[in-house]
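Below is one structure, written out as structure tokens, with a few remarks after it.
In what follows, residues are counted from 1 in the order of the sequence shown.
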Amino acid sequence: MDAACTSLRTGAKKVTIACLENRGEMPANKHDLKLTLEEGVELITKTGVESLEKLTDGRIAVTLKKCVKVFDAEHRFAPEYGEIREEKFVADTVIAAIGQGPDTDCIGEVSVNGRGLITLKCEACGKTNVEHVYASGDVTYAKETGSLAGAVVMGMRAAKAIAEELGCPTEEVEIHRPKVESIDQTQYNHYIERNAGAEKEASVRVGCMGCEIVSGLTADEAEKEVKRCLVCGTAVAKYVGPQNARLFNTACNNCHNCVDVCKEKAIHFEYTVLRKDSEFEFAEEKSK
């Protein structure tokens, strides 16, 4: 999606994406897909590339083929292809955007695993096997890898370790948390929509590489975002149900990322097992 939009913003007249998956299977972020389609990118799903042929005028003839299946029975990536499409389309430029990976050639003999990710000698501080080299975030193979919050935490740990190695020990920040009893619970535990800032119109975004896609927040909006309840709990967040089970499962997909990245270990999950003989009513049905 990023390559397609960038192509439009740098002067391409028409951009087409061919992807193996249908829209439900695509790994693309839904919001990025929405922006891409708004900007006029053509999307061809369940389609793979059979061949690329360079023409005498320098352009490329692209032959496509149908993708009948992307994953095997165990949901492993194992695409299967069908008939080759007779029609070809001609492109000035073809961009292969099929994933990402770290380039570790610039950091010497740093240890990497089979996927090319940096393995850490010390996950708690980001130290690698190479002296004076630290790493954090998606470039590493670690428990926190994969989330923005995890990358931030890893970066903070690495920065602290580097400072200490340079002889500048950091001070521990004392965290002041109010007691649960002293908090007005009525302002918590209800969902408030995130304000991500206003998006520019598609007509403004297209053809402008230097334009901001999303405007920033005003001072008042930023203050409201800081104060907004994230519904992660004030001390110990737990779901003991089955009350509001339907609403809970809509708001939470049980990924437990919040548990993994919470430095204070303030969150844990408790589940209620529902059986055939369980006495159970959804809250909205009970109110009727």
Side-chain angles (χ1 to χ4, degrees), residues 1-9 12 14-52 60-91 93-103 113-117 137-151 191 193-194 196 199 202 205-206 213-214 245-261 269:
M1 302 304 120
D2 182 53
C5 291
T6 300
S7 297
L8 284 176
R9 292 178 188 130
K14 180 182 178 182
V15 177
T16 301
I17 295 176
C19 67
L20 301 178
E21 304 88 355
N22 59 36
R23 287 202 187 183
E25 296 170 327
M26 289 176 66
N29 179 281
K30 291 182 180 180
H31 183 254
D32 289 346
L33 177 59
K34 171 180 171 291
L35 294 181
T36 302
L37 296 178
E38 284 179 356
E39 294 180 16
V41 172
E42 180 186 9
L43 178 64
I44 306 175
T45 59
K46 300 187 71 65
T47 301
V49 176
E50 169 66 18
S51 65
L52 302 173
I60 302 168
V62 183
T63 302
L64 301 176
K65 56 185 174 182
K66 185 177 181 181
C67 181
V68 297
K69 192 176 181 182
V70 181
F71 306 101
D72 63 16
E74 298 180 3
H75 205 71
R76 292 176 300 190
F77 182 73
E80 295 180 12
Y81 298 99
E83 61 185 19
I84 297 175
R85 298 186 178 183
E86 293 184 2
E87 73 275 12
K88 297 183 179 182
F89 69 88
V90 178
T93 304
V94 174
I95 300 173
I98 56 174
Q100 64 181 17
D103 181 359
N113 64 8
R115 295 166 53 196
L117 298 175
D138 283 358
V139 75
T140 65
Y141 178 74
K143 183 178 68 175
E144 289 90 349
T145 298
S147 70
L148 176 60
Y191 180 74
E193 188 71 31
R194 176 176 182 263
E199 292 177 353
R205 303 195 303 258
V206 174
I213 297 173
V214 180
R246 183 177 293 159
L247 179 62
F248 177 83
N249 287 322
T250 300
C252 174
N253 62 11
N254 297 300
C255 68
H256 288 210
N257 281 344
C258 59
V259 177
D260 293 337
V261 303
F269 282 71

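Taking CG from L43 and OG1 from T36, the interatomic distance works out to 9.0 Å, rounded to the nearest 0.5 Å. Note: K88 NZ to L52 CG = 10.5 Å, rounded to the nearest 0.5 Å. In this structure, K65 NZ and L20 CG are separated by 9.0 Å, a value rounded to the nearest 0.5 Å. Note that CD1 of I17 is 10.0 Å distant from CD1 of I44, once rounded to the nearest 0.5 Å. Note that the CZ atom of F89 and the NZ atom of K14 stand 8.5 Å from one another [nearest 0.5 Å].
Residues A91 and V94 come closest through the heavy atom pair CB-CG2, 4.2 Å. Of all non-hydrogen atoms in T47 and C67, the two that sit nearest each other are N-CB, 4.0 Å.
For the pair V49 and L64, the minimum side-chain heavy-atom distance is below 4.5 Å. Side-chain contact between P102 and D138 is absent, with no heavy-atom pair separated by less than 4.5 Å. The side-chain heavy atoms of L35 and M1, taken from C-beta on, include no pair separated by under 4.5 Å.
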Exercise. Can you list the steps and then say if K34 with E38 is a side chain to side chain contact (heavy atoms under 4.5 Å, CB included)?
Worked result: CA-CA 6 Å; K34 171 180 171 291; E38 284 179 356; 2.8 Å; yes
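More than 12 heavy atoms of other shown residues, nucleotides or ligands fall within 6.0 angstrom of atom NZ in K46.
A salt bridge links R9 to E39: one of the charged nitrogens lies within less than 4.0 Å of a carboxylate oxygen.
Side-chain atoms of S7 never come within 3.5 Å of backbone atoms of C5 as a donor-acceptor pair (strictly under, hydrogens ignored).
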